[in-house]
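Order of the sequence lines fixes the chain letters, A, B, ..., with proteins taken first and strands second; residue numbering starts at 1 for each chain. All figures in this text were calculated on a predicted structure; none of them were measured in a lab.
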Number of protein chains: 4
Amino acid sequence: MGETRKPIPTLVKDQGLVRLRRGQIIRAAVDLFVEKGFHKTTTREIARATGIGIGTLYEYIQSKEDVLYLVCDFIHTDVEEKLTALLAEQRTGRDTLVHAIRSFFKIMDEMQDYVLLIYQESKSLPDEMLHYVLAKEEVIMRHFEKILERGAKDGSLNIEDGSRKLMAHNITVLGQMWAFRRWFLRRYYTLEQYTERQVSLLLKEMS
Amino acid sequence: MGETRKPIPTLVKDQGLVRLRRGQIIRAAVDLFVEKGFHKTTTREIARATGIGIGTLYEYIQSKEDVLYLVCDFIHTDVEEKLTALLAEQRTGRDTLVHAIRSFFKIMDEMQDYVLLIYQESKSLPDEMLHYVLAKEEVIMRHFEKILERGAKDGSLNIEDGSRKLMAHNITVLGQMWAFRRWFLRRYYTLEQYTERQVSLLLKEMS
Amino acid sequence: MGETRKPIPTLVKDQGLVRLRRGQIIRAAVDLFVEKGFHKTTTREIARATGIGIGTLYEYIQSKEDVLYLVCDFIHTDVEEKLTALLAEQRTGRDTLVHAIRSFFKIMDEMQDYVLLIYQESKSLPDEMLHYVLAKEEVIMRHFEKILERGAKDGSLNIEDGSRKLMAHNITVLGQMWAFRRWFLRRYYTLEQYTERQVSLLLKEMS
Amino acid sequence: MGETRKPIPTLVKDQGLVRLRRGQIIRAAVDLFVEKGFHKTTTREIARATGIGIGTLYEYIQSKEDVLYLVCDFIHTDVEEKLTALLAEQRTGRDTLVHAIRSFFKIMDEMQDYVLLIYQESKSLPDEMLHYVLAKEEVIMRHFEKILERGAKDGSLNIEDGSRKLMAHNITVLGQMWAFRRWFLRRYYTLEQYTERQVSLLLKEMS
DNA sequence: AATGAATGAGAATTCATTCAT
DNA sequence: GATGAATGAATTCTCATTCAT
């Protein structure tokens, strides 16, 4: 597997400092992007919210798109870390899947704004960066794929090989939709209701 | 039920002319938005592609956002019309649903670019316009809801009342995702495969 | 002979207006460039001095370099027109040459600042534009070349073919140097003295 | 005669070190200026090419213009040194002149880029520095003036006093033009041809 | 003496919108 | 109704210079 992250050039040599400042930039930018969207956020606002000068901002990035990429990457990494942590305690087969779905939906709920952000703004990324972001998205899907694979092997999940990708895709998408279509879903379901019904739907297919 | 469309003010009195010119504007703008996105498309480009002067453009709209709204509304209306047409020949119960899903997925496939457009750009609409767009989205979902209702009544679909909204939502979303996540799905499935597997998944829940 | 001028794109359709406004822009810019140089003149200053808004300026040009090109082209055209006018009354042979040199040196004196401008700023032009400017420079040299050719033919000037380009070059350069090195020459010579001595020098070679 | 060089203030006390570092700076900057021009070269680039930090650069100079001055002065000094060396073996009268011209033209050929640099960028110097640079230019002209004077005295050159400055000026300028107008001259003459024809032209005047 | 992170004034350019014709 | 020239606020990004370490 190749590199999973595109390195963004910086004029600053001290790598520790770069990590620190970029962390500050990301935290400031993510809120602004959520609030006003990428296009309506100005670089000056990002700098001000970060607590640094506009000139300093450009010591750590090369273009406004770089900030968007850093933000997208940060969100994906965060999702993945949480997912990985939650899946550390690996039970077997079907149980793992149920557990994973519940966890993932919960994460999607917590990170609503960020999920939305990626869905709506990642199109503004330059091609190459977009590829990296989509690759990360796939990494997340592959978590579910692996669980499905395990379940198929130990006999607790009944799913043919050709449907595995699709099922992993569905799980991911239905989780993200809790965030993306909250304007609709929240009117009729709580997170728990939404989760349990989707779990039931998804498992019925695989019984 | 309230108005289903927000009237956009115009300086021109002749209603026929307004409809004509706006049609031209929409057709020009939709292609530009698909190609470069809403923000990167300029009003000048819209006017040029429409074949009218920039001043004339502003006789028919009041702001660039108006164009985006007209475009979104046009797309939704198109989807709905196609859906309505395809559902005119109403069979009963489960058959109708399967037919509807297949039709809807096909429409989503044909209108890929437009689905994408709405997913990515509707956030740029002013609040009020966004509400109208989301309301239209619901109208589409309600099509499926009604079919589900009919199926429940005639006994051919086994679905409890509380799950109906969710199911309609899932159908809609999974259809849209064929367009939105084509970068992934196309690698593994054809439209037919995707459709049949999703149909099978959705129906198993309701057997 | 190919096109002698590079067309600069404009957003304004009315060709008469374009000529008018560009004339205003050139007149404003040439003074600013003479006074502070190309790099230290801002586009806003050019707009202000022209009496138009910054946005309007960019309706008539595409970049700051365009203004520099327009200015360089204007100066060259001006020199050439003056030269052509002065040479209309064509005497023969050596007389014409003497007359031409005197005229040219006088023009160089009148246009000192502009000659300087071209010598110092034309390097800031994009490659293609620079070629057009150098081509114009050659057109001016060719005026002298032709006179030399005529003189050689009618026997009043003794110059071999291979030296003609060089001689035309020398005349042009020594004229321009009256402007370019005024900081030195003015201390010791008046324009008349400079002219007569150079004429004498140049003619001695060709006797 | 006054000072021939403007002292540039430095924060560093050790004079030897100053000379060393400034030498490095000049060598780095001259190439950059030739390649991209003064304005498009950044101080950061100069520092990097010199192999020192940007902070260190400013220990040895006070402004970017200082670097330009150091570079111009270096070039002039170089020209002068080469000229002086070549003229050490002083023959008499007319021979010396011919020898000097040939040498000078050769130097101009070797230093093409640098001659161009001075012609195009010295205008960016602050007034006072510009005066020093022009003074150096005069020093070079005076070399030729002296030779002409000697030739006049020993009878080998026929030139009246009032023309001496002009003749020295012409020699200098025609030499520099080999560099400055290479885009034209190179098409028709080699350095040797150019030199011999100019020598012949200049000497005819003085026979 | 050396360093390089921080800075912010300033620059070119864009673009939605207006309004006189 | 149609037009398109005029506008200037807004935006991204640069870069010479400083100063604490």
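As a whole-Å value, the separation of A:L32 CG from F:dT11 P is 13 Å. Atom CG in B:L57 sits about 12 Å away from atom P in F:dA2, given to the nearest Å. Distance, C:K13 NZ to F:dT3 C1': 8 Å, rounded to whole Å. When the C1' atom of F:dT14 is taken as reference, atom NZ of D:K36 falls 13 Å away, rounded to whole Å.
Closest-nucleotide positions on DNA chain F for B:R21 and A:T41 were compared, and the one nearer the 5' end corresponds to B:R21. Summary of the strand contacts: B:G55 and A:L17 both lie near DNA chain E, and taking for each the nucleotide with the nearest heavy atom, the more 5' one is attributed to A:L17. Between A:T56 and C:Y58, it is A:T56 whose nearest contact on DNA chain E lies nearer the 5' terminus.
When every heavy atom of A:I118 is checked against every heavy atom of A:S122, the shortest pair comes out as O-OG, 2.8 Å. B:L57 approaches B:T43 most closely through the heavy-atom pair CD2-O, 3.7 Å. Between A:E121 and A:G37 the shortest heavy-atom distance is OE2-CA, 3.3 Å. In this structure, D:V12 and D:V18 approach most closely via the heavy-atom pair O-CG2, 3.7 Å.
Between the side chain of D:R22 and the backbone N or O of D:Y60, at least one donor-acceptor pair lies under 3.5 Å. Under a 3.5 Å cut-off, the side chain of B:K6 and the backbone N or O of B:H131 do not form any donor-acceptor pair.
In this structure, of F:dT14, F:dT7, F:dA2, it is F:dA2 that holds the atom nearest to the side chain of B:E59.
Within 6.0 Å of the NZ atom in A:K123, the count of heavy atoms belonging to other residues, nucleotides or ligands exceeds 12. Annotation: D:K36, atom NZ; neighbour count of heavy atoms from other residues, nucleotides and ligands within 6.0 Å is above 12.
Residues of residues 60-74 of chain C that place a heavy atom closer than 4.0 Å to DNA chain E, in numerical order, are C:S63, C:K64.
In this pair, B:H39 and A:H39 present their aromatic rings parallel. The plane angle is below 30°, not in the 30 to 60° band.
Judged by atom type and distance alone, A:R44 reaches the base of F:dT12 through a side-chain donor-acceptor pair under 3.5 Å.
With the 3.5 Å cutoff on both pairing distances, Watson-Crick and G-U pairs in DNA chain E assemble into runs of at least 3 at E:2-21 with F:2-21.
With A:F38 as the aromatic partner, A:K64 meets the cation-pi criteria of under 6.0 angstrom to the ring centre and within 45 degrees of the ring axis.
Backbone-only contact: A:T42 has heavy atoms under 4.0 Å from sugar-phosphate atoms and none from a base. Counting non-hydrogen atoms under 4.0 angstrom, D:G53 reaches the backbone sugars and phosphates but no base. Among the heavy atoms of the strands, none lies under 4.0 Å from B:T10. Within 4.0 Å (heavy atoms only), D:R48 reaches no atom of the nucleic acid at all.
Note that the CG atom of A:L11 and the CD1 atom of A:I61 stand 10.5 Å from one another [nearest 0.5 Å].
In summary, C:E59 and B:R44 engage in a salt bridge, as defined by a charged side-chain N under 4.0 Å from a carboxylate O.
Counting 5' to 3', DNA chain E first comes under 4.0 angstrom of a heavy atom of chain A and last does so at the ends given by E:dG4 to E:dG10.
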